[in-house]
Structure formats: structure tokens, C-alpha cells
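One structure is given below, encoded as C-alpha cells.
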Amino acid sequence: MDRPDLLMIVPMPEPVVAGLAQDFTLHSLAEAEDADALLARLAPTLRFAVTSGRCSASLMEALPKLEVIASYGVGYDGIDVDAAAARGIRVTNTPGVLSDCVAEVTLGLMIALAHRIPQADRYVRESRWLQGNFPLTAELTGARAGILGLGRIGKEIARRLEAFRMEVAYHGRREQADVPYRYFADLEAMARAVDWLVVIAPGSSATQGIVSRRIMEALGPEGCLVNVARGSLVDEPAMVELLATGQLGGAALDVFADEPHVPEALFGLENVVLLPHQGSATHRTRKAMGDLVVANLLAHKRGEPLLTPVT
Ligand code: GLV
């Protein structure tokens with residue numbers, strides 16, 4: 001059987017490697033003793049590559065026969081898609097299969113922040129309950145949420161917020177015809193009108209720093225920020241300062257500007273819940289993402305249309 005070369009730009013989870021190894025000859029850039037030598041050897045013929053959200057224009061330039069880059073993940077802000085399009089390189093991602101999971105984690109973060117679940121858990125473990133009851137907390141029911149980015153994942157979050165009888169609004173580049181939620185053309189106006197600002201827009205040059213100090217000040221001392229998109233969307237130093245001084249009520253964060261580095265100033269704050277980029281990190285969802293990566297590459301190998309193309 002024909003097993004063409006395939007470059008793994010970043011290390012891939014074992015099930016994806018096993019799935020790809022049946023139909024491709026794999027080469028790992030991260031594990032190569034001499035990455036430049038590997039690229040030089042593959043350059044004359046390499047057509048397939050797999051990554052997880054990252055591929056620079058210079059890497060594409062080093063691989064002139066490259067036809068397709070399959071990315072394990074929905075966000076592709078680290079892939080130079082303009083350079084790919086200019087070279088006729090197809091890029092695929094894994095939309096859809098992770099929306100439920102990310103929405104579930106989002107609600108989990110919000111519940112954890114409102115009900116102070118991490119603190120309450122520690123309260124029990126440290127036997128402090130014996131001295132008295134845990135302080136009363138906030139709740140989600142009836143509160144107002146504004147979603148920044150009402151795409152596939154944003155809509156799944158909205159459905160779950162509705163189940164909590166929350167009032168849902170959204171901001172995006174344009175108003176959507178067939179959604180029942182109030183549209184705000186102005187993000188600051190939405191931030192002022194809601195209790196929770198949920199960030200789930202794609203990372204890009206257009207959204208870089210979109211949740212600025214001004215937006216967080218509009219959300220205010222009673223407002224909570226939830227970021228399950230990319231750290232790049234939020235002015236992180238301003239967020240830390242506003243949280244520490246009580247000018248922003250709270251934050252539930254799955255993503256950060258410089259992962260896995262998290263501003264240490266957040267560690268001592270009681271009004272934050274922090275996750276290590278867990279949005280899609282379940283066995284079920286990661287399997288579905290891996291299967292979609294393999295299916296895209298196999299479709300291209302067979303000369304069939306890509307299942308989930310970006311470019
Ligand atoms: C996760 O952050 C993804 O982009 O899939």
C-alpha cells in the first residue's frame with residue numbers, strides 16, 4: 001500500500017499517531033535530531049502535514065510540495081492561513097466535534113466561579129466547616145450573559161445558559177438573522193448591560209485585545225469575565241489589575257496569553273477560577289477530533305473533498 005510521507009509539525013496524541021501510521025509514513029519534526037536536515041530531505045516530495053494550531057509561513061516555504069495541513073483543534077490563529085492560501089496549501093481544522101465539550105466546560109467554569117466551588121471544596125478538606133458554614137455565594141439563575149462570538153460553540157453555550165434561565169445577548173461582526181438573542185453592535189454597551197461576559201470568538205488580528213481595559217471597566221465590579229477562546233483577546237495585565245483592585249468582579253479563565261505561563265498575580269486572588277486550557281480535553285472529544293484529523297488527510301490522499309476545510 002502507498003504510504004506517503006507525513007510531517008508531524010508538533011507531537012500528536014498516540015491515537016492520532018496510530019490512526020495516521022496505517023496510511024502514512026510519519027516524521028516528527030519535534031523529535032528529529034536535526035530538524036533542518038529532516039525538512040531538507042522531505043522538501044522535494046512532502047505533500048501532507050499535521051499540526052495542532054501552529055504552522056509558520058517559513059515552514060511552508062521550506063516544503064514547496066506541501067498540499068495539506070490538518071490541524072488538531074478548532075482554532076487556527078497560530079497557522080499562517082494567508083501564506084497557506086497564497087501557496088495553494090489546504091488547511092483543515094476540527095470544528096463541530098468539540099462544541100458541546102467546550103460549552104460544558106464554560107458552564108462548569110461559570111458555576112464554579114458563582115458558587116465558589118473550588119473554595120468551598122478546600123473549606124471542607126481543611127475541616128473549616130467544623131467552625132461554621134461557608135459564606136453565601138452568587139448564582140447564575142436569572143443573570144444576564146453577553147456572548148462575544150456567537151459561532152458554533154457560542155450557540156451551544158447560549159443553549160445551556162438558557163437552560164439556567166439566563167438572559168442571553170451577543171456581540172459579533174454582524175447580527176444573525178435566526179437567533180433569539182439580543183444583538184449588541186457595540187461590545188462596550190453589551191459589557192455594561194450584562195453580569196457575565198463570555199468570550200468565545202476566534203483568535204485573530206481582528207480580535208487581538210478586543211476585551212480591553214475599557215470593556216472590563218464597563219463590565220464592572222459586579223461583572224464576571226469568562227474566557228474560553230484565546231488569551232490574546234483579553235488585555236491580560238489590565239484584567240489582572242482590575243481583578244486585584246475589585247474593579248472587575250471575577251474571572252473564569254481557561255486560556256491565557258502565554259500558555260502554560262499564567263500571571264502569578266492571579267494565584268492569590270479569590271475571585272478567579274483557572275483551568276489549564278481544558279475546553280476540549282476529554283477522552284470522547286479528543287477522540288472525535290483525532291478521527292476528524294485522520295479523515296481529512298485520508299480524503300485528500302484519495303483525491304476527495306476535505307471534510308472541514310479552513311482554506
Ligand atoms: C482549542 O483551543 C482549539 O482551538 O481547539
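One-based numbering, in listed order, for ligands and for the atoms of each.
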Please check whether Arg230 reaches ligand 1 - meaning an N/O of the residue sits under 3.5 Å from an N/O of the ligand, judged on distance alone. yes
Can we call the ring centroids of Tyr183 and Tyr170 under 6.0 Å apart? yes
Whether Arg144 and Glu167 form a salt bridge (side-chain N of Lys/Arg under 4.0 Å from carboxylate O of Asp/Glu) is what I want to check. no
So if I count the atoms of ligand 1 from 1 in the order they appear, which ones are less than 4.0 Å from some heavy atom of Leu98? 5 (O)
Are Glu217 and Arg214 close enough for a salt bridge, meaning some N to O gap below 4.0 Å? no
Is Val74 close to ligand 1, meaning an N/O of one under 3.5 Å from an N/O of the other? yes
Provide the number and element of each atom of ligand 1 under 4.0 Å from a heavy atom of His277. 1 (C), 2 (O)
Checking salt bridge (charged side-chain N to carboxylate O under 4.0 Å, His left out) for the pair Glu156/Arg159: CA distance, chi angles, key distance, verdict? CA-CA 5 Å; Glu156 289 302 332; Arg159 278 156 59 94; 3.2 Å; yes
In ligand 1, which numbered atoms sit nearer than 4.0 Å to a non-hydrogen atom of Gly75? 3 (C), 4 (O), 5 (O)
N/O separation below 3.5 Å, Ala229 to ligand 1: no
Which heavy atom in Phe267 sits nearest to a heavy atom in Val262, and how many Å separate them? CE2-CG1, 3.6 Å
